Amino acid sequence: MKFRVERDALADAVAWTAKSLPSRPSVPVLAGVMLRVSDGSLEVSGFDYEVSSQVTVDIQGDADGAALVSGRLLAEITKALPGKPVDIAAVGAHLELVCGSARFTLPTMPVEDYPSLPAMPASAGTIDAATFATAVAQVAIAAGRDETLPMMTGVRLELSGGNIALLATDRYRLAMRELEWRPEDPEISLNALVPARTLNDTAKTLGPLGGDVTMALAHGGAGEGMIGFSAGTRRTTSRLLDGANYPPVRSLFPASHNAEARVSVPALVEVVRRVALVAERTTPVLLSFGPDGLVVEAGGSEEARASEAMEATFTGEPLTIGFNPQYLIDGLQNLLAPTALLSFVDAFKPAVISPAGDDGEIVPGYRYLIMPIRVTR
């Protein structure tokens with residue numbers, strides 16, 4: 001194997017592939033990226049039996065072949081190379097990499113020990129890449145990170161005809177985004193639970209490419225199935241999580257509310273961040289709504305306290321409710337709107353945050369539910 005490739009194209013391909021590699025692989029070869037040259041193109045791929053990534057790069061190929069090297073090491077090296085063409089050749093049990101006056105020799109691993117990448121499932125439909133990336137980012141922030149509860153670490157995709165709903169919850173908050181797509185089967189009705197980290201990394205990468213993302217699904221029984229995404233020269237697949245017993249989270253959204261407030265998103269984020277400086281990790285910020293607007297306050301250790309008043313349009317009986325400040329900020333920042341509409345039942349039930357336009361009217365598509373923290377005053 002011998003070829004020449006542009007430094008930036010190689011660095012981007014290796015970085016994307018290596019990002020999904022396990023830090024503690026069950027077998028050494030799973031920490032590697034496969035470089036395979038054929039017919040004037042380079043395929044860079046990685047696979048850990050759960051997630052596969054593959055990207056094709058144009059090269060000047062002198063000899064076909066394949067080599068398996070440490071993914072993270074290669075990613076660090078290619079990122080640090082000068083902006084010049086890179087010459088790579090497999091020589092015996094090593095890979096030689098030359099860029100300008102920089103030269104590296106890396107040990108390779110047995111190509112024959114590397115598992116075959118799974119085939120891409122059948123296409124289920126397409127969606128605008130940028131819209132998809134935005135929607136995933138809005139929802140993935142609410143997914144759990146506790147690996148002992150794998151179901152909570154996923155984003156649930158609900159496919160129904162030309163509509164997709166994305167939902168994620170860590171039991172303390174719930175995010176939902178609804179949007180349109182172009183399914184292959186206009187009568188499709190299917191649910192899939194995708195690991196949130198994989199979905200978010202994939203969407204972040206494919207979104208800036210523009211155009212459409214193709215979504216592919218192979219759905220089996222409980223705990224079985226695979227999902228794939230492709231755009232441009234990149235593709236990735238992931239095993240689905242077992243979502244057979246995923247809770248009916250849509251029912252958490254209240255059917256009605258007793259009070260609501262409209263607040264400037266940038267102003268509220270800034271005030272919450274400032275006031276939360278005195279709060280300890282588990283200390284909530286208190287939001288007190290009334291006819292005069294909103295007061296945000298928090299208390300910390302050694303009697304440190306902070307409060308700040310700000311403008312808000314409020315309807316309903318005066319209300320004081322406590323939230324985890326970071327969870328509140330996460331929801332506000334992902335509204336992608338100038339105004340937040342906060343809807344309340346009472347101080348002890350979940351609040352719903354929705355985006356509103358300049359006219360104060362709700363913008364459909366995204367909702368963020370956040371559980372209150374009980375406080376004694």
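Fair warning: this is a prediction, and the values are worked out from it, not measured in the lab.
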Hydrogens and angles aside, do T320 and S288 bring a side-chain donor and acceptor to less than 3.5 Å of each other? yes
Before accepting this row, confirm whether a basic side-chain N of the pair K349/D346 lies closer than 4.0 Å to the acidic partner's carboxylate O. yes
Do the numbers put R235 on top of the ring of F229, so that NZ or CZ is under 6.0 Å from the six-membered ring centre and no more than 45° off the axis? no
Determine, for E158 against R250, whether the closest basic-nitrogen to carboxylate-oxygen distance falls under 4.0 angstrom. yes
Ignoring hydrogens, what is the shortest heavy-atom contact between P318 and P291? Give both atom names and the distance. CG-CD, 4.4 Å
Pair R72 + E76: basic N to acidic O under 4.0 Å: no
Gap separating the NZ atom of K2 from the CD1 atom of I59, nearest 0.5 angstrom: 12.5 Å
Is it the case that over 12 heavy atoms from other parts of the model lie below 6.0 angstrom from the CG atom of N245? no
Heavy-atom side-chain contact between Q60 and F3 under 4.5 Å: no
Establish, yes or no, whether the cationic atom of R177 lies under 6.0 Å from the six-membered ring centre of Y366 and within 45° of the ring axis. no
Taking 4.0 angstrom as the limit, do E43 and R234 come out as a salt bridge? no
Establish, from distance only, whether the side-chain atoms of S52 and T237 form a donor-acceptor pair under 3.5 Å. yes
Residue pairs fulfilling side chain to side chain donor-acceptor pair (under 3.5 Å) with at least one residue in residues 79-101, sequence neighbours excluded: R4-D87
Side-chain donor-acceptor contact under 3.5 Å, T126 with R182: yes
Heavy-atom side-chain proximity of E180 to N163 below 4.5 angstrom: yes
Contact check, side chains of N191 and Y246, non-hydrogen atoms, under 4.5 Å: no
Other than M109, what residues sit in its cluster of Ile, Leu, Val, Met, Phe, Trp and Tyr side chains whose heavy atoms are under 4.5 Å apart, directly or through others? V27, V29, L30, M34, F47, Y49, L68, V111, Y114, L117
Parallel, tilted or perpendicular: rings of F323 and F344 (30°, 60°): parallel
Heavy-atom pair of closest approach, residues P284 and I373: CB-CD1, 3.8 Å
Would L157 and L166 count as a side chain to side chain contact (heavy atoms under 4.5 Å, CB included) here? Give the steps. CA-CA 5 Å; L157 302 183; L166 294 82; 3.6 Å; yes
Run T214 and S123 through side chain to side chain donor-acceptor pair (under 3.5 Å) and show every step you take. CA-CA 7 Å; T214 297; S123 171; 5.2 Å; no
Using a 4.5 Å cut-off on heavy atoms from C-beta on, say whether the side chain of L74 contacts that of V33. yes
W16 and T236, any side-chain heavy atoms less than 4.5 Å apart: yes
To the nearest 0.5 Å, what is the distance between CG (D58) and CG (L42)? 9.5 Å
Testing the basics here: between P208 and T205, what is the closest heavy-atom pair and its distance to 0.1 Å? CD-O, 3.4 Å
Hydrophobic clustering (ILVMFWY, side-chain heavy atoms < 4.5 Å, transitive) - are F314 and V295 grouped together? no
Check this for me, if you would: do D64 and R36 make a salt bridge, where the nitrogen-to-carboxylate-oxygen distance has to be below 4.0 angstrom? no
Looking at D170 and R145, is there a salt bridge between them, counting it only when a charged N and a carboxylate O are closer than 4.0 Å? no
Ignoring hydrogens, what is the shortest heavy-atom contact between L21 and G46? Give both atom names and the distance. CD2-CA, 4.1 Å
With side chains defined as the heavy atoms from C-beta onward, is the minimum distance between L159 and W181 less than 4.5 Å? yes
